There are 2 protein chains.
Amino acid sequence: MDDKHLQEPTVSTKKIFEGKIISLQIDTVTLPNGKQATREIVRHPGAVAILAITNENRVILVRQFRKACGRSLVEIPAGKLEPGEDPAECAKRELLEETGYRAENWRHLHSMFTSPGFADELIHLYVATGLTMGEQQLDADEFLDLMKADRAEVERLLATDEIADAKTITALYWWMKELAKAGKE
Amino acid sequence: MDDKHLQEPTVSTKKIFEGKIISLQIDTVTLPNGKQATREIVRHPGAVAILAITNENRVILVRQFRKACGRSLVEIPAGKLEPGEDPAECAKRELLEETGYRAENWRHLHSMFTSPGFADELIHLYVATGLTMGEQQLDADEFLDLMKADRAEVERLLATDEIADAKTITALYWWMKELAKAGKE
């Protein structure tokens with residue numbers, strides 16, 4: 001892809017904050033017109049998210065409190081990458097830890113930037129099928145409700161705004177697209 | 001929705017950074033088990049994104065450089081809310097400014113949190129149809145390439161990873177779902 005005419009080379013970088021999960025820096029860049037501008041940039045380790053579909057064609061969802069949003073959200077299982085961790089391995093780990101499920105079949109759908117205007121967070125989205133129940137292994141300080149929803153329940157949750165998480169909506173639209181293509185809706 | 005058992009009341013808030021676009025704070029919270037934990041939280045003004053579909057059934061896309069991601073991304077038109085701005089008005093403004101198009105018909109699809117683990121950014125996603133061409137009105141320091149893509153081209157862009165932006169993938173899956181339901185794919 002030819003994007004040289006759009007690029008913004010770095011003039012300088014100033015580190016503002018280094019946290020447990022994210023860090024913040026301000027880059028000064030040169031714009032395509034030669035002027036300078038600043039960019040506020042959040043660095044994040046990246047994450048995985050899993051659309052896990054049971055043999056009864058229901059999706060696994062978790063409800064958890066999201067302090068940043070000031071409310072709880074219903075989401076597909078997800079979690080941050082450990083340093084150096086392979087995303088596919090992370091996806092298997094997170095699905096087991098959060099939900100207790102193991103999956104026979106894994107498919108990588110997309111790796112997508114969640115907030116490209118200010119953050120480098122990349123979410124690797126997987127579809128998991130052929131589920132078998134193992135044992136949930138939550139972290140000591142992790143609290144969530146486990147749910148299963150069929151196609152009709154998913155429609156209801158989307159309509160009522162209980163599902164308001166972007167990665168979850170992406171995954172569910174993909175699922176509904178596949179069901180529609182297969183004539184199952 | 002009953003989520004009292006998941007909530008994390010704030011003990012204290014520490015402001016770390018106040019930028020032009022985002023701010024950063026660290027909240028100390030009480031977990032459901034009574035322990036305390038910290039939450040790194042990015043505040044963002046919110047944004048709109050527009051899936052604009054031409055009368056020839058092509059979607060409007062823009063390619064722009066995203067410094068946080070270190071690459072350019074192909075995205076649906078989008079932009080930040082001005083203080084106090086109505087999201088529906090912002091969507092009309094951004095579509096006109098970035099692409100030169102006006103739209104007759106507007107439909108709100110979802111308001112979704114892009115990165116609920118660490119940010120409060122909420123994107124209001126709209127579908128716009130009945131397009132007529134006006135005049136593009138880019139900011140002086142805004143640089144982007146305008147593109148149109150039909151269903152087949154969208155599939156190609158998704159497969160080659162040129163489209164790697166979450167809000168764009170969400171919108172395009174919705175579109176493909178609607179096409180599949182209408183038997184047009």
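Naming convention: chains lettered A, B, ... in sequence-line order (proteins, then strands); numbering from 1 in each chain. Computed from a predicted model, the values in this text were never measured in an experiment.
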Please find the pair of heavy atoms, one from Lys181(A) and one from Ala180(B), that lie closest to each other, and give the distance.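 The pair with the smallest heavy-atom distance is CG-CB, 3.9 Å.
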Taking every non-hydrogen atom, the tightest pair across Ala68(B) and Pro116(A):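 Smallest interatomic distance, heavy atoms only, reads CB-O, 3.8 Å.
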Under the ring-ring contact (aromatic ring centres under 6.0 Å, His included) definition, can you give me all pairs with a residue in residues 67-113 of chain A, not counting sequence neighbours?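 Listed by first then second residue: His108(A)-Tyr126(A), His110(A)-Tyr173(B).
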Out of curiosity, [X] [atom1] to [Y] [atom2], how far, rounded to the nearest 0.5 Å?
X: Glu8(B); Y: Ser72(A); atom1: CD; atom2: OG; value: 10.5 Å
X: Asp2(B); Y: Arg63(A); atom1: CG; atom2: CZ; value: 8.0 Å
X: Gln7(B); Y: Lys67(A); atom1: CD; atom2: NZ; value: 8.5 Å

Hydrophobic cluster mates of Val11(B), side-chain heavy atoms under 4.5 angstrom, ILVMFWY only, any path?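 Besides Val11(B), the cluster holds no residue at all.
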Using the rule that Ile, Leu, Val, Met, Phe, Trp and Tyr join whenever any side-chain heavy atoms are under 4.5 Å apart, tell me whether [X] and [Y] fall into a single cluster.
X: Val62(A); Y: Val74(A); value: no
X: Val127(B); Y: Leu95(B); value: no
X: Leu125(A); Y: Ile163(B); value: yes
X: Leu157(A); Y: Trp174(A); value: yes
X: Met147(A); Y: Trp175(A); value: yes

Between Thr10(B) and chain A, with a heavy-atom cut-off of 4.5 Å, which part of the residue counts as in contact: side chain, backbone, both or neither?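 Both backbone and side chain of Thr10(B) come within 4.5 Å of chain A.
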So for Ser115(B), is it side chain, backbone, both, or neither that comes closer than 4.5 Å to the heavy atoms of chain A?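 Both parts, backbone and side chain.
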Top of [options] for chain A proximity - count of heavy-atom pairs under 4.5 angstrom:
options: Ile123(B), Asp145(B), Leu122(B); answer: Asp145(B)
options: Lys167(B), Gln64(B), His5(B), Glu75(B); answer: His5(B)
options: Thr168(B), Thr114(B), Asp165(B); answer: Thr114(B)

For residues Thr170(B) and Met112(A), determine if any side-chain heavy atom of one lies less than 4.5 Å from a side-chain heavy atom of the other.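 SC-SC contact between Thr170(B) and Met112(A) ruled out.
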Toward chain B: residues of residues 16-48 of chain A with heavy atoms under 4.5 Å: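 Answer by number: Ile16(A), Phe17(A), Gly19(A), Lys20(A), Ile21(A), Ile22(A), Leu24(A), Ile26(A), Asp27(A), Val29(A), Leu31(A), Pro32(A), Asn33(A), Lys35(A), Thr38(A), Arg39(A), Glu40(A), Ile41(A), Val42(A), Arg43(A), His44(A).
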Within 6.0 Å of NZ in Lys14(A), more than 12 heavy atoms from elsewhere: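 12 or below, so no.
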For Arg93(B), does the CZ atom have more than 12 heavy-atom neighbours from other residues, nucleotides or ligands under 6.0 Å away?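 Counting neighbours around CZ of Arg93(B), more than 12 heavy atoms of other residues, nucleotides or ligands fall under 6.0 Å, so yes.
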Considering heavy atoms only, which positions within residues 129-141 of chain B lie below 4.5 Å of chain A?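 Near chain A, by residue number: Ala140(B), Asp141(B).
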